[in-house]
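Start at 1 with the first residue, then count along the sequence.
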Amino acid sequence: MGVENALSAAVVIGLNLWISIFSDLDSHAVQCFAVGSLVALGGKLLLGPCLQVSNLTIPAMFLMAYFCLMALPSLMIYSEMDHWARSNYLWCIQSVLVTFPVGVLLATSCFSDSRKRVAAYAADRLHITAGDVAFRRIVYLVFWIACGVAGVYIAVSEFIPIMKLFVDYSAEIDDLSLRFSVSELPRALLFALAISRSLLIPLCMLYLYFMWVAGGGIWRRDFLFVFITGMIIACLSLERAPAMVLCCMLLFGVAIANTQRLFRVKAIRAYATVASIALVVTGLISAIQYDSEADLGEVQDGVHHVVVNRILLASARTSAMAFEYFPTADRQLRGQYIRMFCLLTGREYLESRYAPRLVILPVSFVGDLWRNWGWPAVLLGGLIAGFGTQAVQVALLRRKSVISAVFQAILILVWIWLIPGNAFGIVTTSLLLCSSVGGYWAIGKSLGFTIQNQQMPQRTTQPTSARVAA
């Protein structure tokens, strides 16, 4: 903990000194970033294990991701903006560095021994319980349901974008229309496909990975089969996000399995392998999305585009667009175009291609809150995000069983996914609710089965290794 805190302090102080001395930013931007970053650092030091990145807690990972994807890039975007709303933009972005730790602190005070729970979970070693083994039937059922959804998508779709690698569609449809042909499918099917690719398949993959790590090589074949099948399903519509989600969840899974030794050689090799797969696949998708005859150079350009424009800068840039387009209260939307509210209230549901500019497209959760309700929503949003991440961390994660580790990895990415997405996006909100409620149910069910097994020894005469093999 001491090494991480010292390193964090050095990075934050060093960044502030470099920005104030060597950058071309005005004093307003320098002061704004200094306030946000130093308060976030103080919150990290105050909350101890709750915001330790090395503990892989949900709040810590969210705050680190927000700092890298929003707080730092917003300085560059601010310097490029010439709109008078850029001051509000920068202060809103940096305000989350203040309100988020406050939310974590509030949640910590609502649970007894929160810091001890978090520290104990981080120090626990991954282990297989009887409940984990019993859960395998549900996992296999969920996987085949996800495959069934993908099968329905293939059967219903007139064109499958990835098939243009094997079938010449040029006489029937151009590359651009083919890329967006998926949007013509029924909403229910698109929603089911999104949940399958973003939650169900990653859940199965992570379960089998953790069982392999903790239980031995007998699970390796099933893990590889599910991972490869999941990547194929993720790439069907030639969208980058599903493939990136699957790889990122596996990346977090590798880190969770090596919490006590995050940077040992074996773990670093695993990180490099998964990251390489993610970059190659998403770079290939970027190259062939709109061009059926992409070459190696275009794949390399696609990798650069994904890393720089789609990961590092996209959230801050789209958020700036929201501030420029909805700068004042009289132009803000007051929730009238939020699709979730439209479905619940029966109002008109606008498709993205027919909606007015920037009213539906993802503009980051800060940009979405601003374009709907302005300053109050941004301040409250950061507070709720901090409270929610810490509440989920403390309430769900007690013992590092396989099921707990699975939902830890899923919840980390789902909360991070909120950063570039809309605050009330249907898929984003559904993933948050499903992973939180599903995690609470699955972890409780697994724990209950384990306790029951311990109280009935005649049913558990086999050693753990034999039960895992079964």
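Atoms CG and CG, from Leu185 and Leu193 in turn, are 8.5 Å apart once rounded to the nearest 0.5 Å. Here the straight-line distance linking atom CD1 of Ile160 with atom OH of Tyr153 works out to 4.5 Å at 0.5 Å rounding. Rounded to the nearest 0.5 angstrom, Ile403 CD1 and Ile443 CD1 are separated by 8.0 Å. In this structure, the separation between NZ on Lys44 and CG on Leu97 is 13.0 Å, given to the nearest 0.5 Å. The CG atom of Leu208 sits 9.5 Å away from atom CG of Leu203, with the distance rounded to the nearest 0.5 Å. Phe252 contributes atom CZ, which lies 8.5 Å from atom CG of Leu56 (distance to the nearest 0.5 angstrom).
Residues Glu4 and Ser54 have side chains that bring a donor and an acceptor to within less than 3.5 angstrom of each other.
The main-chain N or O of Ile93 is found under 3.5 Å from a side-chain atom of Tyr66 such that the two form a donor-acceptor pair. The backbone N or O of Ala120 sits nowhere less than 3.5 Å from a side-chain atom of Asp124 that would complete a donor-acceptor pair. With hydrogens and angles disregarded, no donor-acceptor distance shorter than 3.5 Å links the side chain of Trp212 to the backbone of Asp222. Side-chain atoms of Lys164 never come within 3.5 Å of backbone atoms of Phe159 as a donor-acceptor pair (strictly under, hydrogens ignored). The backbone N or O of Ile195 sits nowhere less than 3.5 Å from a side-chain atom of Ser198 that would complete a donor-acceptor pair. Checked by atom type and distance alone, the side chain of Arg137 never pairs as donor or acceptor with a backbone atom of Val133 at under 3.5 Å. Ser446 places no side-chain N or O within donor-acceptor distance of the main-chain N or O of Ala442, the cut-off being under 3.5 Å. Under a 3.5 Å cut-off, the side chain of Ser435 and the backbone N or O of Leu432 do form a donor-acceptor pair. Side chain of Thr229 to main chain of Val226: no donor-acceptor pair is present (N/O by atom type, distance under 3.5 Å, no hydrogens or angles).
Between Met205 and Leu246, the closest heavy-atom pair is CE-O, 3.6 Å. The two residues Gly439 and Leu396 come nearest to each other via the heavy atoms C-CD2, 4.0 Å. Considering every non-hydrogen atom in both Ala316 and Met70, the closest pair reads N-SD, 3.7 Å. Shown here for Leu126 and Ala405, the closest heavy-atom pair between the two residues is CD1-CB, 3.8 Å. The two residues Ala71 and Gln94 come nearest to each other via the heavy atoms O-NE2, 3.0 Å. Among all heavy-atom pairs drawn from Val378 and Val366, the shortest one is CG2-O, 4.0 Å.
Using a 4.5 Å heavy-atom threshold, the side chains of Leu15 and Leu72 count as touching. Side-chain contact between Phe407 and Val414: absent, with no pair of heavy atoms (C-beta onward) separated by less than 4.5 Å. Residues Gln393 and Ser114 are not in side-chain contact: their nearest non-hydrogen atoms beyond the backbone lie 4.5 Å or more apart. Contact of the Met211 side chain with the Arg136 side chain is not registered, since no non-hydrogen atoms from C-beta on lie closer than 4.5 Å. Between Phe100 and Thr389 there is a side-chain heavy-atom pair separated by less than 4.5 Å. Two residues are said to be in side-chain contact when any heavy atoms from C-beta on lie closer than 4.5 Å; Thr428 and Asn422 fail this criterion. Looking only at side-chain heavy atoms (C-beta outward), Thr129 and Val402 stay at 4.5 Å or farther from each other. With contacts defined as side-chain heavy-atom distances shorter than 4.5 Å, the pair Lys400/Arg125 does not qualify.
Evaluated for a side chain to side chain contact (heavy atoms under 4.5 Å, CB included) with Leu250, the options Val274, Val245, Ile277 yield exactly one hit, Val274.
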Discussion item. What verdict does the side-chain contact (heavy atoms from CB on, under 4.5 Å) test give for Leu199 and Cys434, after you've listed the backbone C-alpha separation in whole Å, the side-chain angles of each residue and the deciding distance to 0.1 Å?
Written reply: CA-CA 9 Å; Leu199 180 60; Cys434 290; 3.7 Å; yes
Item to complete: Carefully, step by step, assess Trp417 and Cys248 under the rule side-chain contact (heavy atoms from CB on, under 4.5 Å).
Response: CA-CA 11 Å; Trp417 199 352; Cys248 285; over 6 Å; no
Practice prompt. Quick one: do Thr57 and Cys50 satisfy side-chain contact (heavy atoms from CB on, under 4.5 Å)? Show the steps, please.
Written response: CA-CA 7 Å; Thr57 66; Cys50 300; 5.7 Å; no
Discussion item. Apply side-chain contact (heavy atoms from CB on, under 4.5 Å) to residues Val303 and Val280 and explain how you reach the verdict.
Written reply: CA-CA 7 Å; Val303 171; Val280 169; 5.8 Å; no
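The aromatic rings of Tyr209 and Phe223 are tilted relative to each other, their planes meeting at an angle between 30° and 60°. Relative orientation of the Phe135 and Tyr207 rings is tilted, given thresholds of 30° and 60° on the angle between their planes. Under the 30°/60° scheme for interplanar angles, the aromatic rings of Phe62 and Phe365 are found to stand perpendicular.
Within 6.0 Å of CZ in Arg264 there are more than 12 heavy atoms belonging to other residues, nucleotides or ligands.
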